[in-house]
S.K.: 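Please read through the structure below; I'll follow up with questions.
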Amino acid sequence: MNALFKILAIITGLLIAGLYPMAASGEEALKFRHITSIYADEQGLGLNHPEGVACNQNALLIVADTGNARLLKYTYKDKTVAPEVRVIQVPQLIYPVQVKLNSRDEMLVLDRKQRRIVRITAAGQFGGYIDGQGASSSAASAPKSFHIDKNDNLYILDVYAGQVIVTDPGGKYLKHFRIPQEYGFFTDLTVDFKGNIFLIDSVNARVFSASKNSDAFAPLTQSLKEYMRYPAAITTDKWGRIYLVDRNGSRIIILGQDGSYLGRLSAMGWKEGLLNYPSQICLNDSGEIFVADTNNSRVQIFSIIE
Amino acid sequence: MKLISLHFRHAVVGALCLAGSLIIAAPALPAGQFKLKAGAEATICLKCHETFQKTLKSRSVHSPIKTGKCSDCHDPHTSTHKQLLASDIKQLCGSCHEKVLPEKARSSHKIVAQGDCLKCHDSHASDNRSMLKKPQDKICFDCHQDIDIKSKELRFKHQPMMTGQGCISCHDPHASVKADYLLKKSVPALCKDCHKTNQPSFNSKHLNYPVADTNCDSCHSAHGSNTRGILYDQVHPPVAENKCTECHLPAASPNAIKTKKQGTQLCAQCHRDMISQTFNKNRVHSPLMDNVGCLNCHNPHGSKQKHLLEAPMVITCGKCHEDTVRLQKWSISNPKNEGLCEPVKTGNCSSCHAPHSANNVLLIDQQNISIDLCGKCHKWESHSTHPIGEKVADPRDKNLTVECLSCHKGCGTGNKPAMMPFETTYDLCIQCHPERKR
């Protein structure tokens with residue numbers, strides 16, 4: 001009888017040992033912890049449907065306060081947002097929906113109304129437009145999204161030309177990639193630390209990638225509709241993991257470097273920690289994630305717990 | 001069109017699953033199983049089932065009956081299926097007629113995939129060809145009454161609709177490996193079987209444009225219409241007025257089918273004000289930004305739909321917003337959702353969303369996305385005694401005020417009641433009133 005119990009105990013132990021990694025590799029693998037939320041500027045004027053958020057290692061946190069046609073410049077350090085806020089409002093910025101920081105702390109902003117990328121200097125002044133000078137398509141272009149790599153080169157998703165146009169930091173055309181022919185609609189792109197470019201096809205919930213030295217995109221994943229409704233923004237972290245913002249599903253989806261599903265974070269709701277029609281996200285090297293929680297008119301900051 | 005074909009593909013997938021079950025269906029009873037006396041096989045059943053003598057004289061008789069092999073389909077002794085059938089009727093026919101539903105069908109007739117062969121065919125015999133229960137030109141309209149009614153009212157009918165062959169002139173009644181909509185071939189190959197594209201009359205009718213290899217159903221309504229040349233009733237004026245060069249290069253040019261311009265720039269030649277207004281708003285609907293532009297949603301030649309939409313609105317929008325349309329359909333089928341908004345019920349997306357552009361998120365033009373918008377149809381002031389409006393703060397988020405979308409979701413919430421994103425009203429209320437939590 002004792003022998004029988006021993007065998008049963010060993011089998012049970014083996015089963016538990018075998019099952020544990022399976023549970024941990026799914027939605028349990030990564031979790032969010034809400035740190036704080038940003039609701040207003042220094043004067044108490046509330047955010048209005050913010051769609052863009054940018055962060056960097058210099059503790060800068062920029063919010064594209066879309067409905068108020070302005071940028072807000074915060075400092076975020078040690079899990080705290082400093083009370084001082086710089087309001088940046090220039091006439092050339094009408095409807096900012098996406099913002100990125102370059103290595104000189106300049107803010108590059110996609111203005112959806114003008115369909116142009118606006119440069120705002122670190123001092124908060126208008127610094128000109130970036131139109132991909134020299135690109136064959138520059139006469140008729142429609143930038144839907146853009147990314148800045150570690151060398152400050154720009155990658156512009158031009159949906160009119162059907163291209164990803166790469167420019168130097170000054171906006172001068174360097175090269176372009178044709179976007180894949182078979183797609184629904186591409187809404188965002190990102191570049192990881194290795195220089196790989198990723199595109200998100202929102203309609204088919206599918207990620208495409210192009211390596212640094214290739215000249216064409218290839219599918220990285222099949223349709224991920226099983227896990228999300230309408231992914232509209234994409235970014236990567238320092239380990240190369242891919243983060244997708246499921247706009248209609250109000251959550252963040254995480255994929256491995258190879259496109260494998262790792263988990264999803266948050267859900268639709270109004271309370272802190274929940275999201276409602278989120279837009280751009282930004283990740284810093286401390287594993288913190290900044291989310292433009294658009295329809296909740298706030299920016300939420302989370303830490304990612306592994 | 002692509003979207004409709006997508007729906008068909010979905011249907012095909014479902015059909016193939018069922019087809020699989022047809023193909024692997026239990027075969028009819030093996031010959032000789034009942035060890036009948038010599039000569040009895042063709043006559044023994046008819047001794048009692050005398051009426052079949054008359055059936056045998058029908059124009060079209062099922063081959064096992066002709067040879068008296070009733071036991072091919074029936075078990076003469078016992079069966080768990082009605083009418084002593086040898087197997088389930090939905091599988092029985094497929095045991096011999098497995099090729100009716102090809103493995104790689106692009107489209108398949110739903111009733112065929114479901115094994116409902118007897119909806120159209122008599123299992124024993126009929127005076128109609130192929131043992132059909134009704135003549136060929138009538139049987140399809142038992143189900144497809146809408147096409148029958150509409151086509152009778154049309155001024156200009158497509159010739160095959162008026163012949164004895166009827167629908168099967170163009171459609172395969174069971175399945176098609178070549179095209180969607182059960183078409184025997186894809187368009188234009190199908191059309192060219194009758195319409196000789198090398199005839200001078202064909203060229204002159206098409207103003208000498210090389211349209212022989214283009215999609216005929218871009219301009220023509222396959223069943224007929226009230227417009228000469230069976231052009232769609234909603235026809236783009238340049239097409240109706242034979243002004244192809246408004247959009248296309250001249251017929252004699254090497255790329256005559258090519259349009260003069262791309263995307264919205266093409267349509268702006270005539271619709272300048274509308275496009276200017278569209279692009280003057282904060283958010284332009286993304287499809288308008290690519291080099292297909294307006295043609296992502298509109299058919300430039302003609303359509304059955306208003307505003308030349310390429311398909312009914314919910315299908316057109318669902319081409320990209322499939323997730324939202326899925327939710328809408330789910331909400332419609334939800335018995336708890338008696339209070340579903342009319343635009344959600346009818347799939348009229350543009351009741352709330354501006355299809356071209358708007359100044360606010362979700363392409364909603366009203367300043368107050370919720371109250372101004374919903375207030376177009378609902379008297380929100382008398383909706384309930386719950387405080388609502390710009391002066392009522394939402395306790396869940398200090399930047400929000402209580403509005404319609406604080407409790408409801410505009411496109412439906414699937415199996416949840418009253419377009420609320422919660423299972424019960426209680427779950428909703430305790431969001432803001434936690435002190436009432438039971």
S.K.: Heavy-atom pairs under 4.5 Å with chain B: which of A/T294, A/N276, A/V203, A/V97 has the most?
M.R.: A/V203
S.K.: Under 3.5 Å, side chain of A/K113 to main-chain N/O of B/K281, donor-acceptor pair present?
M.R.: no
S.K.: Looking at B/L400, B/L405, B/D397, B/N359, which makes the most heavy-atom pairs under 4.5 Å with chain A?
M.R.: B/D397
S.K.: Which atoms form the tightest heavy-atom contact between B/M289 and A/P143, and what is the distance?
M.R.: CE-O, 4.1 Å
S.K.: With rounding to the nearest 0.5 Å, note down the distance linking CG in B/N291 to OH in A/Y160.
M.R.: 6.0 Å
S.K.: For A/Q114, which atoms come within 4.5 Å of any heavy atom of chain B: side chain, backbone, both, or neither?
M.R.: neither
S.K.: Tell me, side chain or backbone of A/P96 under 4.5 Å from chain B's heavy atoms, or both, or neither?
M.R.: neither
S.K.: With a 4.5 angstrom heavy-atom cut-off, is it the side chain or the backbone of A/S37 that approaches chain B, or both, or neither?
M.R.: neither
S.K.: Heavy-atom pairs under 4.5 Å with chain B: which of A/R112, A/H49, A/M268 has the most?
M.R.: A/R112
S.K.: Looking at CD of B/E322 and CG of A/N248, how far apart are the two atoms once the value is rounded to the nearest 0.5 Å?
M.R.: 11.0 Å
S.K.: Rounded to the nearest 0.5 Å, what separates atom CZ in B/R283 from atom CD in A/E51?
M.R.: 4.0 Å
S.K.: Looking at A/Y39, is its backbone amide N or carbonyl O close enough to the side chain of B/N399 to form a donor-acceptor pair, meaning the two atoms are under 3.5 Å apart?
M.R.: yes
S.K.: Let me know if A/M228 has heavy atoms under 4.5 Å from chain B in its side chain, its backbone, both or neither.
M.R.: neither
S.K.: So how far is it from A/W270 CH2 to B/C407 SG, rounded to the nearest 0.5 Å?
M.R.: 7.5 Å
S.K.: Counting only heavy atoms closer than 4.5 Å, note whether A/N48 contacts chain B via side chain, backbone, both or neither.
M.R.: neither
S.K.: Taking every non-hydrogen pair under 4.5 Å, which of A/T187, A/N295, A/T66, A/I94 racks up the most with chain B?
M.R.: A/N295
S.K.: Heavy-atom pairs under 4.5 Å with chain A are the metric here; pick the option from B/D323, B/N280, B/N360 that has the most.
M.R.: B/D323
S.K.: Heavy-atom pairs under 4.5 Å with chain A: which of B/R396, B/K398, B/K409 has the most?
M.R.: B/R396
S.K.: By a 4.5 Å heavy-atom criterion (distance strictly below it), what part of B/P421 contacts chain A: side chain, backbone, both, or neither?
M.R.: side chain
S.K.: Checking heavy atoms, do the side chain of A/F185, its backbone, both or neither come under 4.5 Å from chain B?
M.R.: side chain
S.K.: Given the options A/R247, A/R115, A/K144, which has more heavy-atom pairs under 4.5 Å with chain B than any of the others?
M.R.: A/R115
